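These notes are about the structure you will find just below.
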There are 2 protein chains.
Amino acid sequence: MTNLNKARTGPRQHEPRGWPEKRRAIAEAARRVFGRDGYTRASVDAIAAEAGVSKRTVYNHFADKEQLFLAVAIEGADEVTAAIAQIMDRHLRKIVDLEQDLIDFSLDRVAAVTAFPDHFALVRALEAEATHIPRPMLRAWIDAGPQTAHLRLAPYLRKIADRGLLRLDDADRAARHLTLLTIADINQQTFYGAVPLPQEEITDIVTAGVKAFLHIYR
Amino acid sequence: MTNLNKARTGPRQHEPRGWPEKRRAIAEAARRVFGRDGYTRASVDAIAAEAGVSKRTVYNHFADKEQLFLAVAIEGADEVTAAIAQIMDRHLRKIVDLEQDLIDFSLDRVAAVTAFPDHFALVRALEAEATHIPRPMLRAWIDAGPQTAHLRLAPYLRKIADRGLLRLDDADRAARHLTLLTIADINQQTFYGAVPLPQEEITDIVTAGVKAFLHIYR
DNA sequence: GAGCAACTACACCGCTCAGTGTAAATTCGA
DNA sequence: TCGAATTTACACTGAGCGGTGTAGTTGCTC
């Protein structure tokens, strides 16, 4: 048998139904279209066209529009979570100058919104759909997305506190306050990146937020 | 002429086109339906039925669906702004115990979200629609809604600082930080009131937020 | 080559919906 | 009562859309 193993993945491999590359294309297209148009306005036809697949194929991979939406939201949250974990590792694992490290961390975290515009556009769509989403699914979203940032940040802050650089008894709350004073402020003013804010203004807000945070916890 | 002046307002008075009571009914119904269903999913048919008017009448008063949406959003913001102004006056005009007054103010302000569920539901819809709204209209919204809270809160904080109870050089920033640490935290966790949070938890969060704020500015 | 799974390319169905037009009815002032 | 403005109650148009079915095509294994 001298057949080269084709790089192209197709049926017949021992995988779930459907070709993975098609599923990936659909998910990526869906993120873009849902992000751009919101849930209701986004059409499955448009997603199929964007993915370069037939609509029939979309329905072969996902039960319906809502399942597609939620799958894409949660997958996107996983990606963003991984990116933010790296940002945390880069800036918070080793503290040289606490204030500067927190500022750099927060600026990079703000920048993550720009790096994942589709995802955060989709976040806005999802929040608007909150009352139409079954509670367990909404819970799954919160756990996959917004909650993970705090769960990952708190241990870093606790370690920093253990080194005597911060005084805190509730690391979760401290993590929340840091995020509120920096990321949430920017996100509110930019509608999660939809409306640009000048970089100097972002830096000002983040710097003031970090100083305020340190005022509380140092 | 012994005709009593009828309380009923109808055509023929020297007013803008259309009966004001019809316009009011449409606006109120629109707020409810947009809030419940979001912009795209809300139908003009449903709004007309909810208002008890014909769809023809809706279009007699508002150019189209988008104009209706934005008019309702801005009118709602004016109402909420007035309510919050009262809350500020009640709690911040005279300071007895600064911490407690700030806590009470913030708790009442959180409660305002519950008092205006339709409006804040519509806020979620509007934020999701941010990229589809013409920039000038979005600006009008920001000025009518989110921005006014800060503009009204900052002078109170400045006065409190003048009495030596707070130390701050940037009252706008202080106002923003107070809102972030209290209202924004709750709103994020409840999706602007869509998902209930137990009252004790709300009180905890607000109390911790106010203490943090005072730690920064006192 | 045969058989099977997945995909493509349509067509279709039933429904919804923003916006418009029109005739009849209602309201109000002169 | 008349006339004008507004509203009501439909009907209509053209478009869109979630989801489904089906026949033909493609790719892979035996």
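Fair warning: this is a prediction, and the values are worked out from it, not measured in the lab. Proteins get letters first, then strands, A, B, ... in listed order; numbering begins at 1 in each.
Between D:dA9 and B:Ser54, no contact under 4.0 Å exists linking OP1 or OP2 to a side-chain N or O. For the pair A:Thr57 and C:dT8, the criterion of a side-chain N or O lying under 4.0 Å from OP1 or OP2 is met. Look at B:His61 and you'll find a side-chain N or O under 4.0 angstrom from OP1 or OP2 of D:dT7.
Atom CH2 in A:Trp19 sits roughly 7 Å away from atom P in D:dC28 (whole-Å rounding). Spacing between atom CD of B:Glu21 and atom P of C:dT27 amounts to 10 Å, rounded to whole angstrom units. The nearest whole Å value for the distance from the CD1 atom in B:Ile26 to the C1' atom in D:dT7 is 10 Å. In this structure, A:Lys22 atom NZ and C:dA6 atom C1' are separated by 10 Å, rounded to whole Å.
For residues 136-150 of chain A, the pairs satisfying side chain to side chain donor-acceptor pair (under 3.5 Å) are A:Thr81-A:Thr148, with sequence neighbours left out.
The side-chain hydrogen bond (donor to acceptor under 3.5 Å, both in side chains) check on B:Glu201 picks up nothing, with sequence neighbours excluded. A search for side-chain contact (heavy atoms from CB on, under 4.5 Å) contacts involving A:Glu79 returns A:Arg31, A:Phe116, not counting sequence neighbours. With sequence neighbours excluded, the residues satisfying side-chain contact (heavy atoms from CB on, under 4.5 Å) with B:Glu66 are B:Tyr39, B:Asp64, B:Leu70, B:Pro134. Residues satisfying the side-chain contact (heavy atoms from CB on, under 4.5 Å) test with B:Ala184, not counting sequence neighbours, are A:Leu180, A:Gln188, B:Leu180. Shown here are the side-chain hydrogen bond (donor to acceptor under 3.5 Å, both in side chains) partners of B:Ser43, two or more places apart in sequence or in another chain: there are none. Listed by chain and number, the residues in a salt bridge (Lys or Arg N to Asp or Glu O under 4.0 Å) with A:Arg90 are A:Asp108 (sequence neighbours excluded).
Comparing D:dT8, C:dT8, C:dC7 against the side chain of B:Asn60 picks out D:dT8 as the nearest.
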Worksheet, complete the sentence: B/S/- along nucleotides 11-19 of chain C (protein heavy atoms under 4.0 Å) is ------SBB
Polar-atom pairs under 3.5 Å, protein N or O versus N or O of nucleotides 21-24 of chain C: list them with distances, or write none.
from, atom 1, to, atom 2, distance (Å)
C:dG21, N7, B:Arg56, NH1, 2.8

Discussion item. Is there a salt bridge (charged side-chain N to carboxylate O under 4.0 Å, His left out) between B:Arg24 and B:Glu75? Walk through the geometry before answering.
Written reply: CA-CA 11 Å; B:Arg24 197 179 310 123; B:Glu75 281 168 30; over 6 Å; no
Practice prompt. Please assess A:Val195 against B:Arg135 for the test side-chain contact (heavy atoms from CB on, under 4.5 Å), listing each intermediate value before the final yes or no.
Written response: CA-CA 9 Å; A:Val195 181; B:Arg135 271 295 152 74; 4.3 Å; yes
